[in-house]
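Below: the structure, in structure tokens.
Chain naming here is simple, since letters A, B, ... match the order of the sequence lines and numbering starts at 1 in each.
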Amino acid sequence: MVGTPETALDNPKVGGVADARFFTRSGPFSGEELAEAAGGEFIPPREGAEAGRRYIGIGPLQSASPAEVSFLDNRRYASLLDGTHAGMIIVAPAFAKRVPPTSATIVSSTPYLAWSRVARMFHPAPPARPGLHATAVIGEGAVVPSSCEVGPFAVIGNGVKVGEGSIIGSHTVIGDGVTIGRDCRIGPQVVVSHATLGDRVTLFPGVRIGQDGFGFAVGPAGFESVPQLGHVVLEHDVEVGANSTIDRGSVQDTVIGAGSRLDNLVQIGHNTRLGKCCIVVSQAGISGSTELGDFVTVAAQAGLIGHIKIGTKARIGAQCGVMSDVEAGADVIGSPAMPFREFFRNVATLRKLSKKPGSGEE
Amino acid sequence: MVGTPETALDNPKVGGVADARFFTRSGPFSGEELAEAAGGEFIPPREGAEAGRRYIGIGPLQSASPAEVSFLDNRRYASLLDGTHAGMIIVAPAFAKRVPPTSATIVSSTPYLAWSRVARMFHPAPPARPGLHATAVIGEGAVVPSSCEVGPFAVIGNGVKVGEGSIIGSHTVIGDGVTIGRDCRIGPQVVVSHATLGDRVTLFPGVRIGQDGFGFAVGPAGFESVPQLGHVVLEHDVEVGANSTIDRGSVQDTVIGAGSRLDNLVQIGHNTRLGKCCIVVSQAGISGSTELGDFVTVAAQAGLIGHIKIGTKARIGAQCGVMSDVEAGADVIGSPAMPFREFFRNVATLRKLSKKPGSGEE
Amino acid sequence: MVGTPETALDNPKVGGVADARFFTRSGPFSGEELAEAAGGEFIPPREGAEAGRRYIGIGPLQSASPAEVSFLDNRRYASLLDGTHAGMIIVAPAFAKRVPPTSATIVSSTPYLAWSRVARMFHPAPPARPGLHATAVIGEGAVVPSSCEVGPFAVIGNGVKVGEGSIIGSHTVIGDGVTIGRDCRIGPQVVVSHATLGDRVTLFPGVRIGQDGFGFAVGPAGFESVPQLGHVVLEHDVEVGANSTIDRGSVQDTVIGAGSRLDNLVQIGHNTRLGKCCIVVSQAGISGSTELGDFVTVAAQAGLIGHIKIGTKARIGAQCGVMSDVEAGADVIGSPAMPFREFFRNVATLRKLSKKPGSGEE
């Protein structure tokens, strides 16, 4: 026995936003301090005094207390403003007048960004806890500065170079020769091989980077694997979600552009290249040698065939099947992909044609 | 060298149902004992004596021996009844007369459930083997009762609380502050953080629970991560399949209702809430803040957009793309989702319209 | 501190094809030696001397040097022949005349296969580094020949049998009773249980083999798990991509036929059977008890319902939803699946019908 037993769910006080079991907390802060951090305009409550008020944390509109800050970003939830007890609310200008008279307001043209900064002020991300766990295995010639945190059972290969302040989670495997930048956060149970990572790269648990691409030729006795001799480059500030997979290139490199964000269970094939600040949502897949420009969005479960080009700022809809090039700025959806307007016109046409004549359905 | 070498596949005797290399075995049992466990009606064979018969195990209709029990659940396989040698067969009432005369029968209105219980009787799940492996790392203030099994290289964080009789697999990482109920079965290489698990929760290998949801705001220098300050609640009896991912909430919690079953490679976004006994089949994805009622079924590869509500007992078909609320009890399929009948009427309409006039195709 | 710190991306000389940080290198080789390995016809350059030329490596057409070998396989990239500096190029007969006059040529009717062999000649796969890491945990009665490589923190269960020359990656878990053939390459962080693997099987990181299939019956108090009493057979030369999942059978076995290749994030349900040399591309899923013949191709994100049969050499298109049997040799796509020609005819029909009459669109 280790410690004192207790049944799960025994303690009704835990749970809710920013549970102290899981999150650090700082503050309290004044409204002006928060508005400055948020980059928004501070408006005191129309009723009651603001002077001396201090906010201690954040909460959703439904449950935030007068000492907490909340926000409205999605128009869909605007009616929640009527009943909220939040002491301060971050909103877009259009909603400023709907904030209850007893609540202070931060008005921002980018309320979600403002909220993000306020939330981060109350709950800063925990810093690296420098040190190599005694069980970690470090290869020959590996460079791991003392500012780094390396978790239990991590395996760092020969010649690996890690930048200052990076975190390598427990059980994570960094293959021989890999280079990792500064202030990266590599979660537990990640495998990285044949790769170069920039600074501030975040990999969530179970990410697989750098394994062989899916390449084989048909030989006389079955398939023969084609050597995959490229590597993977994750530029600065890339984030990759849990259990996503990025194969290394065959003769070119697989490249994820700076600032791009990949969600969970995403697949990136060999030689694929993403530009800067692309977004790839959960369970989407991009086949080999396809190239995305900057600021491309690929929604959930979309699939892109190999060897095509997607222009800058194009948006690929959920479950879209893209079989050919997409122009910059285009919005496509459907399988095969077509412009949004055409897709929904098709849906309407087919519904109309399928109505039984004389059935009274219209 | 460890042990004596042997080439794979050398031993033709292994394999088949309930291979002794992998499964425990109990019995033999009489037909009456099995029928009672199954909750069905026992009918002795119409030819030959039942008295004194004992059954030693189970098998499929194609290969079960006269000492084994088999079952028919899917009408598609009814013709297999004609040639089977199984000594006892579990069937629905409609098939009772098609059981061969030399076989005993258990008649049940829920033959699959009856079969499940008979199979469990012959092959009970192995219990926890209490003890902490010497290599496991246990954090400060963690509570792990001596009835628990903790595998090699497991990492249990500070303040974690585990209930009696639970199993934590090898290499599994339980983050600081997590609470786990009684009799849970956490497989190897699982990562759980920012979460509360009820009793009898089962997590298969590679499950990722509690990582940051996919949330970021557009800042002046690129995307800025929005702090994800909720947690994940898995209620009693939840099961999550291999390599599935469940993100923690942003300001609310992500909740999987009691008794729900998630298959492999499923994605659950932040703030999502599933009711009781929901079923989510492989590779389906549910986006953030969507709410499912009780007994909802989401079939394989379906995708649900965020911020919608799915009513109780609704059924979402395979590969369905759900972009708006679905009423309780509705059956939908297609992308975008529509009622089953409408979907297949559309398919028929389009096929008819695409026939070349005068081509002789009909 | 371990070693000397260095910031990521400091060294501009790294990167590119076959980076020495990651890949072994042999050679140089003469044109004749390479042509023989490739099984192609050697043609010296039309201009300049070939005698005494030696090639030192490979590269893409865009960047290969006169000392390197390149290839053209995809007609889409034929224009790259005009500007290449590659010293030798592997092409199909139709492109032999377009090779620049200063380049040598290997002509092959299977240029991708020829390329594969030449690349492998320069960069042979690293052999196993025999030995058990001191931290590996080996179960009772396990057989692991001294020719095997077992990585740090691997856990090999009781009674496991591993063939000569196989590699078991770090943190990989091999469950009790599993049999693994010769010359297998099991990557890091793989979990295999309830399974028999043939020779030369390759499993990439995060693969999950042998967990319970998704089977449960509806009981009076919720779902009851149905015991999954089969196992998984991976025949010789099977490869399974990163984070893919293959469930064990319920009463039959799940079987992946010899030489089959599965990509990343693929799901294979219980009792499913694939024939020889099947290809299953990323994020595709095959439901329980479905049977594939030999040489079946399932493209990315396709989904197959359970309990159906797919004939030999059938090809299932990307994102296809297969709800019924598919004949041998058929090409299907769409959801629900239909012949390729019918699918694209439907797309054209619907586009035509959706045009607004009199809108000037045609």
Quick one, A/Q252 with C/Q62, criterion side chain to side chain contact (heavy atoms under 4.5 Å, CB included). Give me CA distance, side-chain angles, the key distance, then yes/no.
CA-CA 10 Å; A/Q252 296 184 276; C/Q62 300 95 310; 3.8 Å; yes
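- The contact between C/A119 and chain A is made by backbone and side chain atoms together, counting heavy-atom distances below 4.5 Å.
- Residue A/T172 touches chain C through its backbone alone, counting heavy-atom pairs closer than 4.5 Å.
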Given ring-ring contact (aromatic ring centres under 6.0 Å, His included), test C/F22 with A/H231 step by step and report yes or no.
CA-CA 8 Å; C/F22 307 126; A/H231 86 311; 5.5 Å; yes
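- Between the side chains of C/E239 and A/S225, at least one donor N or O lies within less than 3.5 Å of an accepting N or O.
- Here C/I279 is the residue among C/D73, C/N74, C/I279 with the most heavy-atom pairs under 4.5 Å with chain A.
- In this structure a side-chain-to-backbone donor-acceptor pair under 3.5 Å is present from C/Q283 to A/Q283.
- If you tally non-hydrogen atom pairs under 4.5 Å between each of A/G334, A/G131, A/A195, A/S244 and chain C, the highest count goes to A/A195.
- If you tally non-hydrogen atom pairs under 4.5 Å between each of A/P227, A/G213, A/G285, A/P130 and chain C, the highest count goes to A/P227.
- With a 4.5 angstrom heavy-atom cutoff, C/L265 touches chain A only via side-chain atoms.
- Put simply, the side chain of A/F153 does not reach to within 4.5 Å of the side chain of C/T135, judged on heavy atoms.
- Classified by interplanar angle (parallel below 30°, tilted 30° to 60°, perpendicular above 60°), the ring pair C/Y77/A/H307 is tilted.
- Heavy atoms closer than 4.5 Å to chain C are found nowhere in A/V232, neither backbone nor side chain.
- Closest approach of C/L353 and A/L353 over heavy atoms only: CD1-CD1, 3.6 Å.
- Only the side chain of C/I333 has a heavy atom closer than 4.5 Å to any heavy atom of chain A.
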Derivation of the side chain to side chain donor-acceptor pair (under 3.5 Å) call for C/S116 and A/E224:
CA-CA 8 Å; C/S116 170; A/E224 296 186 16; 4.9 Å; no
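- No side-chain heavy atom of A/F214 sits less than 4.5 Å from a side-chain heavy atom of C/S282.
- Taking CD of A/E342 as the start and CG of C/L350 as the end, the distance is 8.5 Å to the nearest 0.5 Å.
- Smallest separation of non-hydrogen atoms from A/R345 and C/S354: NE-O, 3.4 Å.
- Contacts with chain C were tallied for A/S335, A/G215, A/S250, A/G222; A/S335 has the most, counting heavy-atom pairs under 4.5 Å.
- Contact annotation for C/F295: neither backbone nor side-chain heavy atoms come within less than 4.5 Å of a heavy atom of chain A.
- In this structure, the side chain of C/Q189 engages the main chain of A/H171 through a donor-acceptor pair within 3.5 Å.
- Of the two parts of C/R261, the backbone and the side chain both hold a non-hydrogen atom closer than 4.5 Å to a non-hydrogen atom of chain A.
- Contacts between A/V266 and chain C at a heavy-atom distance below 4.5 Å involve the backbone alone (N, CA, C, O).
- For chain A, the nearby parts of C/P205 are the backbone and the side chain; heavy atoms of each come within less than 4.5 Å.
- Within the 4.5 angstrom heavy-atom criterion, no atom of A/A136 approaches chain C.
- Across all their heavy atoms, C/R117 and A/P220 have their closest contact at NH2-CD, 3.6 Å.
- In terms of heavy-atom pairs under 4.5 angstrom with chain C, the leader among A/G157, A/G249, A/P336, A/G210 is A/P336.
- Side-chain contact between A/Q319 and C/Q301 is absent, with no heavy-atom pair separated by less than 4.5 Å.
- To the nearest 0.5 angstrom, C/R25 atom CZ is 9.0 Å from A/L229 atom CG.
- Contact annotation: the side chain of A/V218 never approaches that of C/L113 to less than 4.5 Å [non-hydrogen atoms, C-beta and beyond].
- Across A/C320, A/C148, A/A348, the residue that shares the most heavy-atom pairs under 4.5 angstrom with chain C is A/C320.
- When heavy atoms are compared at a cutoff of 4.5 Å, A/M338 does not approach chain C at all.
- In this model, a donor atom of one side chain and an acceptor atom of the other lie less than 3.5 Å apart for C/R21 and A/T196.
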Please lay out, stage by stage, how C/D19 and A/H194 fare under the test side chain to side chain contact (heavy atoms under 4.5 Å, CB included).
CA-CA 9 Å; C/D19 186 320; A/H194 308 87; over 6 Å; no
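- Looking at A/T245 and C/N243, their side chains never bring a donor and an acceptor atom within 3.5 Å of each other.
- With a 4.5 Å cut-off on non-hydrogen atoms, C/Y112 touches chain A through its backbone and its side chain both.
- The closest side-chain heavy-atom distance from A/R208 to C/N264 is not below 4.5 Å.
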